[in-house]
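Inspection log for the structure reproduced underneath, given as structure tokens.
Only a predicted model underlies this, so the values are computations on that prediction, with no experimental measurement involved.
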Amino acid sequence: MMASWRPMGIVVSALIIFSSIAYLLLSLTFIHPIRHQHTTAASSSHFRAPAINPFAELDGAEASQIYTFLHQTPNSLNLSTDTRGGNQIYLIELLRPNKTDAVEYLESHKARPDRWARVSSLEIHDDDAFIVDYMVGPLPPSNDTQILPLEYNHNSGRNYVQSPVSDVFAMLDWALSIGENASDITQELLGATTNRDDLDDPDVLVIGCRPSFLHAGRTVQWLEFFGSGMDSDSRSILPQGLYVKLDIPGANPATWTTGQWFYNGILYDNETALREAIKSPDFVKLELNQDGSWSDTEDFETSFPERDMPPPLSIQPYGPRYHLDRKEGFISWMGFSFYLATAQATALSLFDIRYNNTRMIYELGLQEALAHYAGVEPLQSGLEFLDTFFGMGSMMFSLVPGVDCPGHAEYLDMSYHKGGKMYTNRNAICIFEYTSDAPLQRHTSTFSATVSRNTYLVVRSVSTVGNYDYTIDYIFYLDGSIEVKLRASGYIFGAFHAEPRGHPEPHDGHTNEYGYRIHDALHTSMHDHVVNFKADMDICGTSNTLVRTSIEPLQRTYDWDKPEVSGVRNTMHMVHKSVTHETGLNWPSNSHDMYLVTAPGSVNKWGETRAYRIQPGTGMGNPAHLTILNSTTLGRSALWSANDLWVLKNHPDNEPASAHHLNYLAPLEPLVDFEAMVDGEEIEEEDLVVYFNLGSHHVPSSQDIPNTLMHTSASSVMFVPFNYFDYDVSRAMRQGVRIDRRREAGKSMSKNDGSDKEEVRKSRVARAENENKDDEGVKYFGARYEGPVTVSEKMLSPDLSHYMKERLDGQWKAVRNSVGGGLPGLFVGKERAEDDGGRRLDW
Ligand SMILES: *[C@@H]1O[C@H](CO)[C@@H](O)[C@H](O)[C@H]1NC(C)=O
Ligand SMILES: *[C@@H]1O[C@H](CO)[C@@H](O)[C@H](O)[C@H]1NC(C)=O
Ligand SMILES: *[C@@H]1O[C@H](CO)[C@@H](O)[C@H](O)[C@H]1NC(C)=O
Ligand SMILES: *[C@@H]1O[C@H](CO)[C@@H](O)[C@H](O)[C@H]1NC(C)=O
Ligand SMILES: *[C@@H]1O[C@H](CO)[C@@H](O)[C@H](O)[C@H]1NC(C)=O
Ligand SMILES: *[C@@H]1O[C@H](CO)[C@@H](O)[C@H](O)[C@H]1NC(C)=O
Ligand SMILES: *[C@@H]1O[C@H](CO)[C@@H](O)[C@H](O)[C@H]1NC(C)=O
Ligand SMILES: [Cu+2]
């Protein structure tokens, strides 16, 4: 996470808490009447969801009605129409219905749950600023509509957090003046200065900062100067090694003070002390961390001949096999069905995931994304981001067709309401089927060979939060398995590598305690990514038990072993234990435990308890949990990061989430304290919710320059049917080929053994043979490609024109001028002109 700025619409976000708060405030400075969005019925299919999506985000009309209602009706929000003062609404979104109400509706299709909105406002009381949550409903607004403090789903019982800044403009001005007052120092040590007047100047310094939130709105910040990284958005790998501390006791600018400075491991009491020290002949100046082509994501110069030839790709000549109701965000595919829903903080969630029309998972979705750093200097050592605060949903930016997703993928938009306005990120979600390079099943016998394809369904989105891009996939497999997979890319957040300037020899004295040297004055900064997801599992109903089945070594005597085995036989067995109380669990070493969410009241045809197994999926090793114990920075804000997964008794109404996106601002008194949810309740035969983490211990190396690569940063958890069905249900779904090798050998077809089963098989074979008259002894099951296939050019080279339309426009320039351009790192707003003409501010 880091604030940055690019001319062509790659996001920008804020490292930087200043800018985030600024974002909250600034987004308010563009209050427009809401434009009503009309979704075009792009899908020609007549497929309809069985019910109206009760989780669908508020549309433009609904949000507009609430916005008007709250401004025009006298109410406790005391909203101001002056954009630079008084209380402001900063977001309006759906308050999702309670599970009880939603489930009843999804079963009966009667009595659609009331629509409620969650409304956040920014409220100024004297010198202090608060972000306050309300619930407003039922919708549409009427004389019966209530405006209530939103508390029932926060176990803190509060509906507000204190915001560390109330006047962004003052904050910006103040920060700018730090850079300006120290311009002689930055020029001397870093060869550059901040520049208020020219945002586009690639040679300026920008400022990044790392906050520590203390009690009652007090914040201490360490600032560091960074290179602007203007060309490739590379500023997070351009730390300059000069730091200054700020004390912000409250929202009143008169109380803010600049404290110590830090350079080359030495703490200076103040700017003057540093200035004096520099004059000393003994003062050691450090190597500069300068931008250059090394930070560019692409190498356009070097080329291999093979690069000039396009690679293979996947095509879908006969169209998709899934059914999509775009209007309701409902998908059905090969026995699966589910609803989609988005939220500004938590991106995409899936609801009511069913197989064969039986619910398995009520809710599956992102809760929070933690990145926690460590290091020897004041910025990295306390650096930590909880990325829902920055809006992992509102930062689900457009996907690039043909590269982010296959050319045949379909896309959905992500719309949300902020600061009085509706925004749309076009093509934010892609949906596609994909056939893996490896089969799902195969077998060769003396008489036959059979192989079937592994085709699966993917629902994908990417949240670009500042320097980092999180790709999140929900993947459905033909056997009833569901996978959640996270991949990361983008720029790492680097640490400054302190190397005396002009040092002649390669440096070998460092310890690699927190990272590795990867450029002249750049070090990697180790960090943990822990990204929390919720899986509200309903396996054959809501009465579930988590069984931990251990695979253990065993010594046992068996009568039939004697006399050859004189004593015990060394072997292994399984031990089945229910997890009786709410707890955190870790993936066991050597995978020696299986975690099974069982339905004790429900058995398959063979009398075995039906279950889904939860296990690490197709990522790189096991997903990680946080290494740091009792993190100084995190406080109580993200205690779900302490274990790999958690199993809790579900209180879907009062505890709908493991986190709150405003926890970042109140780590010591979070709105939702996860640990308080794990309060030892009994969980046998209860409605269970599993919170699990994806992520990794990311120790970047020189291979992360310029960007972290997705194939090595993937982590995954999979939900796999386990005695849930009577057999592998993919058998009826998959496509492949069965080759009879006896024919090849000139032998006759199998002789009839008289069984019904054989009859059935033969009739199928006969049918298949009819379809493939030419292929003697070769039977295809499932459809085949027949006849010539035409691939449209658009499939091979998808239309990217909407990306070209993105341009800065006059309104952004006005902001830029009013807030000062020279400190993009600290405080840059950039307006992205999306293809629909909607505009947004990015930080
Ligand atoms: C409502 O807001 C105005 C400023 O917009 C303020 O002067 C007034 O005191 C507020 N009223 C209440 C009841 O908070
Ligand atoms: C959900 O249930 C809680 C507790 O019963 C209630 O306070 C709240 O209003 C409900 N929320 C909605 C959106 O209906
Ligand atoms: C609220 O009540 C008033 C007075 O009865 C009526 O004039 C008005 O139309 C009502 N407003 C709504 C939104 O129903
Ligand atoms: C910068 O210098 C001016 C003039 O001395 C002073 O008023 C201001 O407070 C300084 N700014 C900071 C952030 O120290
Ligand atoms: C700066 O720090 C020095 C000690 O290093 C101290 O003597 C001096 O008074 C300080 N200056 C200011 C303006 O605080
Ligand atoms: C699907 O549901 C039907 C009706 O409940 C049931 O008869 C059938 O066995 C189910 N199929 C599978 C694969 O579970
Ligand atoms: C972390 O906090 C827990 C609970 O307060 C305590 O038991 C444990 O010793 C602490 N661990 C460390 C390393 O501080
Ligand atoms: Cu990382």
Side-chain angles (χ1 to χ4, degrees), residues 48-58 93-118 135 137-139 150 152-153 325 327-333 335-343 346 348-367 459 474 476 480 482 484 533-546 582 597-602 610-612 614 647-658 677 681 683-692 719 721 724:
R48 288 287 165 263
I52 293 171
N53 183 345
F55 315 102
E57 179 54 302
L58 302 176
E93 69 179 9
L94 181 76
L95 178 64
R96 286 177 180 158
N98 285 326
K99 182 176 179 180
T100 336
D101 302 332
V103 162
E104 199 178 301
Y105 170 67
L106 292 168
E107 300 301 337
S108 68
H109 300 180
K110 284 183 225 125
R112 188 181 167 204
D114 285 339
R115 300 273 277 171
W116 283 74
R118 184 170 74 80
M135 56 189 287
L139 307 178
L150 180 56
Y152 76 88
N153 54 2
D325 180 340
K327 184 166 170 286
E328 298 302 336
F330 180 82
I331 296 173
S332 136
W333 177 80
F336 283 107
S337 66
F338 52 91
Y339 289 89
L340 303 175
T342 57
T346 55
L348 180 64
S349 294
L350 275 46
F351 281 92
D352 197 29
I353 302 176
R354 300 184 185 211
Y355 189 88
N356 194 22
N357 209 23
T358 301
R359 179 179 312 113
M360 287 161 2
I361 300 181
Y362 172 73
E363 180 184 359
L364 181 63
L366 175 72
Q367 304 290 292
V459 180
Y474 296 94
F476 296 84
I482 302 171
V484 185
F533 287 82
K534 173 182 182 178
D536 176 347
M537 307 208 46
D538 291 346
I539 303 300
C540 313
T542 52
S543 175
N544 294 153
T545 299
L546 186 86
E582 293 184 327
V597 178
T598 66
S602 202
R610 298 175 70 186
Y612 257 74
I614 310 173
V647 56
L648 271 63
K649 178 168 168 180
N650 200 7
H651 298 287
D653 299 352
N654 297 306
E655 295 179 349
S658 65
M677 290 163 61
E681 284 179 275
I683 53 166
E684 282 173 288
E685 301 190 37
E686 292 287 356
D687 186 5
L688 300 185
V689 58
V690 171
Y691 289 101
F692 63 95
F719 298 87
Y724 182 85

Student check: side-chain heavy atoms of [X] and [Y] closer than 4.5 Å:
X: P50; Y: Y339; result: yes
X: I353; Y: Y474; result: no
X: L58; Y: L139; result: yes
X: P652; Y: V689; result: no
X: S349; Y: R96; result: yes
X: T542; Y: N650; result: no
X: L106; Y: R354; result: yes
X: F55; Y: E363; result: no

Q.
Ring centroids only, cut at 6.0 angstrom: are Y362 and F351 within range, meaning strictly under it?
A.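 Close enough - the centres of the two rings lie under 6.0 Å apart.
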
(Q) Are Y355 and Y612, when compared by the centres of their aromatic rings, separated by less than 6.0 Å? (A) no

Check: [X] side chain, [Y] main-chain N or O, donor-acceptor pair, under 3.5 Å:
X: T598; Y: T545; value: yes
X: T346; Y: Q367; value: no
X: E57; Y: L94; value: yes

**Q.** Partner of V647 by side chain to side chain contact (heavy atoms under 4.5 Å, CB included), out of L688, V597, N544
**A.** L688

Shortest non-hydrogen contact from [X] to [Y]?
X: F692; Y: A535; value: CE2-CB, 4.0 Å
X: H109; Y: A51; value: CD2-CB, 4.0 Å
X: M537; Y: I614; value: SD-CD1, 4.1 Å
X: E655; Y: K649; value: OE1-O, 4.4 Å
X: Y105; Y: R112; value: CD1-CA, 3.4 Å
X: N53; Y: R115; value: O-NH1, 4.5 Å

Rounded at 0.5 Å granularity, tell me how far [atom1] in [X] sits from [atom2] in [Y].
X: L95; Y: N153; atom1: CG; atom2: CG; result: 6.5 Å
X: L546; Y: E686; atom1: CG; atom2: CD; result: 13.5 Å
X: D352; Y: I361; atom1: CG; atom2: CD1; result: 11.0 Å

Q.
What verdict does the side chain to side chain contact (heavy atoms under 4.5 Å, CB included) test give for I52 and E328, after you've listed the backbone C-alpha separation in whole Å, the side-chain angles of each residue and the deciding distance to 0.1 Å?
A. CA-CA 6 Å; I52 293 171; E328 298 302 336; 3.7 Å; yes

Q: Could you check whether the rings of F476 and F336 sit parallel, tilted or perpendicular, using 30° and 60° as the cut-offs?
A: perpendicular

(Q) Using side chain to side chain contact (heavy atoms under 4.5 Å, CB included), reason through K99 and D538 one step at a time and then give a plain yes or no. (A) CA-CA 12 Å; K99 182 176 179 180; D538 291 346; 3.1 Å; yes

Q: Check step by step if side chain to side chain contact (heavy atoms under 4.5 Å, CB included) holds for T358 and Y724.
A: CA-CA 12 Å; T358 301; Y724 182 85; 4.0 Å; yes

**Q.** E104 atom CD, neighbour heavy-atom count above 12 within 6.0 Å
**A.** no

**Q.** N-O pairing of R359 and E107 below 4.0 Å
**A.**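 Salt bridge present between R359 and E107.
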
Q: Give the C-alpha distance, both sets of side-chain angles, the deciding distance and a yes or no for side chain to side chain contact (heavy atoms under 4.5 Å, CB included) between D653 and T100.
A: CA-CA 8 Å; D653 299 352; T100 336; 3.4 Å; yes

